[in-house]
Amino acid sequence: MTSLSQRDALTPGRPARRVMRRATAGGLPGAGGAGLAFRLEGAGLGYGRDAVLRDVELDVAPGEVMVVVGASGSGKSTLLRALAGLLPSREGRILAGGEQVTGPSADRAMVFQDDGLLPWRSVRRNVELPLSIRGVPRRERERAAEEWIERVGLADAADRLPRELSGGMRQRVQLARALVGVPRAVLMDEPFGALDAQTRADMQRLLLDVLRDTSATVVFVTHDVDEALLLADRVAVLGRTGVRAVLETPDGEKGTDAAARANLRERILEEL
Amino acid sequence: MAGAPTTRRPPASGVPEDAAPGTAEDAALGTAEDAGDAEDAGPGARRGAATGGTAGRRGAAVRWGTRAASLLAAAGLWQALTAADARLWLRFDRLPTLGEIAERFAGQLTTPVYYLDLVQSLIRILTGFTLAAVAGVTVGVLIARSRRAGDVLLPLLEAVRPIPAIALVPIAILLFPADEQGIVFITFTAAFFPVMVSTRHAVRALPTLWEDAVRTLGGSRRHVLWNVVLPGTLPGVFGGLSVGMGVAWICVISAEMISGEFGVGYRTWHAYTVVDYPGVIVGMVTIGVLGWLTSAVIELIGRRVTRWLPRAEGSRR
């Protein structure tokens with residue numbers, strides 16, 4: 001969100017995410033700050049009596065894009081909900097920025113797979129939601145929402161209701177809503193899982209584009225290995241016994257190191 | 001899409017209409033109309049849409065004609081039976097003819113008492129109903145969202161709920177210093193339970209996803225209440241309000257008949273006791289019209305505030 005003109009200068013492909021730029025965020029009060037580090041120490045997660053994950057050990061560095069891949073039912077979403085503070089850990093510890101996670105916080109915005117928007121609020125009012133929760137004055141709130149709605153390419157649809165939008169458009173709104181509050185981390189739960197291939201590619205490009213201007217840590221859950229390779233700084237592979245491996249993706253522009261990528265892809269599939 | 005079957009009906013309009021008070025004529029009317037709507041959703045409508053143009057318009061004219069004819073036939077039958085003083089086990093000889101009713105109605109419309117009764121009944125029902133709406137939504141949300149509130153209130157509410165509100169008339173007479181408050185109390189009790197129960201169910205049925213979304217954006221319990229629970233339950237709440245308005249009318253009229261000194265219900269019963277049978281019918285029709293008007297207002301507001309619901313295109317109801 002540094003400035004709109006910068007967008008035009010962006011080249012497609014994977015940005016060098018480790019060269020971090022501080023988000024200025026239009027000077028929203030109480031917002032921003034460096035990306036949040038996460039640490040799971042022997043975390044056991046589950047619902048009711050059933051353990052979904054045991055002994056999870058994972059470190060997420062501030063500002064990185066960590067993609068968690070795993071088969072359906074491997075507990076990817078459970079892990080993400082725990083990081084969001086929606087699900088308390090039953091064993092071990094979950095730390096965000098060095099502090100134990102005890103509940104949800106505006107610092108850790110979440111993007112859901114689908115239907116995370118409030119259906120009675122227009123696009124504009126959905127995007128304003130985190131700011132109005134925080135008590136940001138109306139005019140400032142409207143300006144920030146406007147900017148983000150434009151940023152995700154929905155300027156013409158700002159007054160529509162979610163039911164009047166396509167799946168891809170709804171995810172654009174969710175992205176804008178998550179980022180407008182300048183969170184220190186964005187947790188994304190298969191956000192493009194329900195989209196068709198073309199829309200999904202568009203959304204991935206948009207995501208890479210907007211993440212460029214933030215310093216937020218991103219934890220992105222998917223079952224799609226190619227999506228993981230495209231977006232990730234590092235990929236965590238989740239199996240039934242917890243995190244099986246954390247693999248670093250090769251640096252540099254997409255396609256420049258095709259062999260390394262193919263190699264990594266093989267390794268991820270092996271771990272799965 | 002025109003005329004396609006309405007597969008997803010919003011809860012706000014999915015209210016049993018038979019909860020509204022009405023005369024036998026109203027009931028007959030309702031069935032006729034429902035039959036017409038069933039036809040709309042059927043292959044007939046699709047055929048109409050396909051051929052389109054004049055054929056479709058002629059089809060609509062025929063259907064409206066059928067509806068009008070059905071009403072007129074019922075009225076004609078009434079007139080024939082009462083004018084002939086028919087005694088076919090059912091004693092139509094005691095009932096007034098259409099002419100007598102119309103004459104009485106015209107007479108009533110010029111008397112101030114008619115309007116006083118009408119206003120009196122409306123004040124009673126609106127007071128009782130408004131209190132019931134506020135209390136019903138509050139209690140419904142409270143017991144659905146707080147386990148402790150549920151433990152304290154639910155047994156009590158479930159114990160009282162099976163008692164029809166009208167059975168509380170003796171208590172109301174003993175409890176309140178004036179009949180007026182007793183009638184409002186009965187109306188309140190009648191409307192409270194449908195509103196409370198449907199609010200409670202609507203809160204429980206809310207997708208947790210919306211609450212999760214608000215919480216991960218930094219929202220507290222209060223934010224969840226205002227931004228998710230209240231707007232999200234509106235469709236269910238309005239279903240309850242619609243039913244509540246229906247039973248509120250039943251109870252206000254009954255209570256007026258038992259213990260009122262004014263009001264449409266009192267006047268209707270009074271007309272019966274003084275052998276003014278056309279006056280009885282006038283009262284019935286008045287009650288029917290008032291019931292229909294108040295339900296329509298609820299329905300209209302309900303539709304306005306739940307515009308975000310997914311609806312089938314071109315659905316009429």
Side-chain angles (χ1 to χ4, degrees), chain A residues 28 30-31 47 77 80-87 101 103-123 125-136 160-165 170 173-174 176-189, chain B residues 1 4 6-13 137 141 145-147 199 202-203 205-239 241 300-315:
Chain A
L28 287 172
Y47 305 91
S77 296
L80 207 62
R81 290 178 65 83
L83 292 179
L86 292 171
L87 180 73
V101 172
S105 141
D107 261 356
R108 287 166 269 131
M110 192 147 169
V111 174
F112 300 88
Q113 179 164 9
D114 200 11
D115 290 330
L117 299 174
L118 302 184
W120 47 87
R121 281 176 169 248
S122 65
V123 167
R125 303 238 306 123
N126 259 292
V127 175
E128 282 178 22
L129 182 63
L131 304 178
S132 69
I133 284 174
R134 206 179 294 167
V136 173
R160 287 203 222 159
L161 289 170
R163 71 174 163 98
E164 298 164 321
L165 305 176
R170 282 202 293 269
V173 182
Q174 276 214 64
R177 188 179 68 177
L179 290 167
V180 73
V182 199
R184 295 179 61 199
V186 185
L187 309 170
M188 307 184 80
D189 189 2
Chain B
M1 271 306 273
T6 313
T7 44
R8 288 215 272 182
R9 270 179 68 176
S13 58
V137 170
V141 169
R145 298 280 299 173
S146 151
R147 187 178 299 168
T199 303
V203 173
L206 272 182
T208 51
L209 191 58
W210 296 336
E211 182 173 346
D212 288 348
V214 168
R215 291 176 67 208
T216 55
L217 294 170
S220 61
R221 257 173 96 93
R222 187 171 54 86
H223 290 119
V224 171
L225 179 68
W226 286 103
N227 290 301
V228 176
V229 175
L230 291 179
T233 49
L234 277 181
V237 166
F238 268 88
L241 289 177
L300 212 68
I301 299 173
R303 275 206 226 176
R304 280 198 83 101
V305 298
T306 59
R307 251 188 296 209
W308 50 270
L309 280 174
R311 268 173 225 269
E313 291 292 322
S315 71

Heavy-atom contact with chain B under 4.5 Å, split by part of A:Arg177
both
For B:Gly236, is there any backbone N or O sitting under 3.5 Å from a side-chain donor or acceptor partner on B:Thr233?
no
Quick check on the interface: out of A:Val111, A:Leu187, A:Leu129, who has the most heavy-atom pairs with chain B under 4.5 Å?
A:Leu129
Does the distance from a Lys or Arg side-chain N to an Asp or Glu carboxylate O, for B:Glu211 and B:Arg221, drop under 4.0 Å?
no
Is it true that, when you exclude A:Arg121 itself, more than 12 heavy atoms of the residues, nucleotides or ligands shown sit nearer than 6.0 Å to its CZ?
yes
Using a cut-off of under 4.5 Å on heavy-atom pairs, state which of A:Pro119, A:Ser105, A:Gly85, A:Gly103 scores highest against chain B.
A:Pro119
Quick check: does any side chain N or O of A:Gln174 sit under 3.5 Å from a backbone N or O of A:Phe112, one acting as donor and the other as acceptor?
yes
Portion of A:Asp189 that has a non-hydrogen atom of chain B nearer than 4.5 angstrom:
neither
Relative to chain A, which of B:Val305, B:Thr216, B:Asn227 shows the most heavy atom pairs under 4.5 Å?
B:Thr216
Per-residue tally against chain A (heavy atom, under 4.5 Å) across B:Trp308, B:Trp210, B:Trp226 peaks at B:Trp308
Quick check against the 3.5 Å criterion: does A:Glu164 have a side-chain atom that pairs as donor or acceptor with the backbone of A:Leu161?
yes
